[in-house]
Amino acid sequence: MVERQLRRRGIEDERVLAAMEEVPRELFLPEDMRDRAYRDGALRIGEGQTMSQPWIVACMAQLLELKGDETVLEVGTGSGYAAAVLSRICGEVITIERFESLAEGARQVLSELGYDNVEVRVGDGAKGAPDRAPFGGISVTATALDAPPAPLFEQLAPGAALVCPVDRAGRELLMRYRDGQEEAIVPVRFVPLVADEP
Ligand code: SAH
């Protein structure tokens with residue numbers, strides 16, 4: 001997977017590649033899906049949600065340009081896989097999931113693996129985690145309509161990147177925001193970021 005799906009397709013951050021090599025992707029999947037863990041695609045994880053394709057997970061991690069000591073926020077824990085990858089390349093990960101069942105599953109695997117620098121929270125990730133801000137990077141793994149939720153920008157440290165898929169007039173693009181600048185990276189498909197009651 002690392003050679004064929006990642007390195008050959010432009011993932012070059014060695015810390016990201018090492019993390020992708022280290023984290024056992026199959027353990028984050030329901031048992032009947034495990035034989036498909038290293039395929040070049042997204043996979044079902046329950047509650048109608050999906051775990052992203054390996055390349056997307058690596059690409060999003062690389063876009064954050066982490067050095068190693070940052071606290072990173074992830075919105076959309078899902079299986080916990082992307083949080084696990086991030087936890088190998090930063091100081092601490094706070095990850096938020098709407099579904100209690102998914103959050104609980106993620107917590108369990110992360111703890112079995114001894115990845116104890118990840119905190120899984122249940123709630124509306126669009127509000128971020130103001131008690132732990134500012135973040136040295138924010139990764140949103142569900143598609144926001146038009147733009148990422150405003151509270152996330154407020155919780156971003158100066159110079160830090162916010163990576164988020166955005167739906168613009170029906171076109172879904174992975175965007176990176178940093179210091180007031182935005183950059184379109186690649187067309188993507190994610191599940192929608194659900195807006196809960198304010
Ligand atoms: N990063 C995940 C993929 C997650 S799929 C992985 O590695 O497996 C996107 C997840 O975002 C889903 O689990 C969905 O329930 C969650 N989600 C959608 N809207 C949300 C919101 N407002 N707050 C928190 N989680 C949300």
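Note that the coordinates shown come from a computational prediction; the quantities given were computed from them, not determined experimentally. Both counts, for ligands and for their atoms, begin at 1 and track the order of listing. The figures that follow rest on heavy atoms only: side chains count, while hydrogens, waters and symmetry mates do not.
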Practice item. Show the numbers, then the answer: is there a salt bridge (Lys or Arg N to Asp or Glu O under 4.0 Å) between E92 and R132? Key: CA-CA 11 Å; E92 192 181 358; R132 296 303 308 276; 2.8 Å; yes
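No single ILVMFWY cluster, assembled from side-chain heavy atoms under 4.5 Å apart, contains both W55 and L173. Note on L156: it does not cluster hydrophobically with V72, by side-chain heavy-atom contacts below 4.5 Å among ILVMFWY residues.
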Which pairs of N or O atoms, one from ligand 1 and one from the protein, are separated by less than 3.5 Å, and what is the distance for each pair?
from     : atom 1 : to   : atom 2 : distance (Å)
ligand 1 : 1 (N)  : E74  : OE2    : 3.1
ligand 1 : 1 (N)  : G76  : O      : 3.1
ligand 1 : 1 (N)  : T141 : OG1    : 3.2
ligand 1 : 7 (O)  : A82  : N      : 3.0
ligand 1 : 8 (O)  : S79  : N      : 3.1
ligand 1 : 8 (O)  : S79  : OG     : 2.6
ligand 1 : 13 (O) : E97  : OE1    : 2.7
ligand 1 : 13 (O) : E97  : OE2    : 3.3
ligand 1 : 15 (O) : E97  : OE2    : 2.7
ligand 1 : 19 (N) : V194 : N      : 2.9
ligand 1 : 22 (N) : D124 : OD1    : 2.9
ligand 1 : 22 (N) : V194 : O      : 2.7
ligand 1 : 23 (N) : G125 : N      : 2.8
ligand 1 : 25 (N) : R98  : N      : 3.3

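Within the structure, ring-ring contact (aromatic ring centres under 6.0 Å, His included) contacts touching residues 120-175 (residues at least two apart or in different chains) are F153-Y177.
Note on R7 versus E14: salt bridge recorded, some NZ/NE/NH1/NH2 to OD/OE distance being below 4.0 Å. At a threshold of 4.0 Å, the pair E65-R178 counts as salt-bridged, since one of the basic side-chain nitrogens sits closer than that to a carboxylate oxygen.
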